[in-house]
Structure formats: structure tokens, C-alpha cells
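Sequence positions, counted from 1, serve as the residue numbers for this chain. The analysis underlying the following values was restricted to heavy atoms, covering all of them including side chains, and did not include hydrogens, waters or symmetry mates.
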Amino acid sequence: MTDDEVDADVVAEADVVAQPESPAEAAPPRDWQRLIGFVVLPAVVVLLGALAGFLKWQSESQQETSAAAAESLSAARDTTTAILSYSPATVDKDLNAARERLTGSFLDSYTKLVNDVVIPGAKQKNITAVAQVPAAASVSATPNHAVALVFVNQATTIGNDAPTNTTSSVQVTLDKVGGRWLVSGFDPV
């Protein structure tokens, strides 16, 4: 054998001996960079995107709830005043107009009470009622359903007698129907 052949054999044996025995020892440091680049970073991006989407949804939901609370509270105030205020000359018109602000079983019971008791009594005894809502608060609200607490001051005059003043509080339940807040419940508290 020549010296060149011996050197080639020694180099070949050195290459065989220098090769690692297990795949873990064979992994170059670049495998971690690939793992981070192709798995960890995309996972972090997806999680951040999901978090941003959730926070946006939560913010919009909270804005819708706040808007529903404000709108339903205004409707509760206005409707309470409308269904509790009338004069003998216009009682039919006043209370029938108030019916347009009601829905569900409350509409049915209100209609029966108004037609059977309130309208005939107001005309016969010359009754005037004026309601005011000095305060109201939203109890709960979603985009389609709300509950409000309404405080009512009502002055009732029978004939030529002095007015009698009463104060009360009412839990008003509202449902959004056709884009309008309608009263579906009216319960004294």
C-alpha cells in the first residue's frame, strides 16, 4: 500500500468513527430554529388572532348591551307615562294609542282592563290622570330583552275634586319587536 492509500483509509475510518451514534446527537442546532419558525410562531399568531377576535366580539357585545339598556329605559319611561295618563275627553284616543307600545299577554290584559274599566270610568266620573316618571333604572338588558325599574308619580282628579297624588314603582319588562322596544310586562313593586 502506498502512503496515499493509507492516508485515504485513515481518513475514511476517522469519518466512520466521527459519525454520531444516535439521531439526537445528529440534530444540528438549526432544528430548533425550524421548530420555532414553523410551529411555535404560527401557533402564537393564531392564538393572538383568536384573542383579538374575542376581545372585539366582547367589546361589540358590551356596546350593544349598553345601547339596549339606554333605548329600553327610554321606552319604559315613555310607555309608563302613556299608559297611566289620560283625560275624560280623549281617554279612548290616549289609551288606545298607548296599546301600540305593548306586546304579548300584557297587551291583551291591558286592552281588557282599559276597555272594561278605565275608559267607561273615566268618562262616567270625569277622571283625569297625569303620570310622570321622575326616575328609572335599567335592571338588565340584552339586545332583545330588558327589564327596568320605573318610579311613578301620578296625580288623579275625579270631577271637580282636588287631585290625589300617588307614588309607586313598577318593574317594566320590554321585548324588542320589529326594531321597537315594546312593554311585555308591567308589575308593581
| field | Separation of I127 CD1 from S87 OG (nearest 0.5 Å) | value | 12.0 Å
| remark: NE2 (H145) and OG (S140) are apart, to the nearest 0.5 Å, by 6.0 Å
| message | Looking only at the side chains, is there a donor atom on one of D175 and T103 sitting less than 3.5 Å from an acceptor on the other? | response | no
| query | Got a second to check how far T157's OG1 is from D161's CG, nearest 0.5 Å? | reply | 8.5 Å
| task | Taking salt bridge (charged side-chain N to carboxylate O under 4.0 Å, His left out) as the test, write out the residues that go with K123, two or more places apart. | result | D92
| Any donor and acceptor pair, going by atom type alone, linking the side chain of S109 with main-chain N or O of F106 inside 3.5 Å? | yes
| remark: Rounded to the nearest 0.5 angstrom, the CD-CZ distance for Q132 and F151 is 15.5 Å
| note | In this structure, CG of L174 is separated from OG1 of T79 (nearest 0.5 Å) by 7.0 Å
| task | Output yes when a side-chain donor or acceptor of T90 lies under 3.5 Å from a complementary backbone atom of K93, and no otherwise. | result | no
| request: For the residue pair V130 and Q154, establish whether any side-chain heavy-atom pair is separated by less than 4.5 Å. | output: no
| query | Hey, does the side chain of S85 reach the backbone of A131 with a donor-acceptor pair shorter than 3.5 angstrom? | reply | yes
| Just by modelled atom types, is the W181 backbone N or O under 3.5 Å from a matching donor or acceptor in the E71 side chain? | no
| task | Say whether, by atom type as modelled, one donor and one acceptor occur between the side chain of T81 and the main chain of R77 under 3.5 angstrom. | result | yes
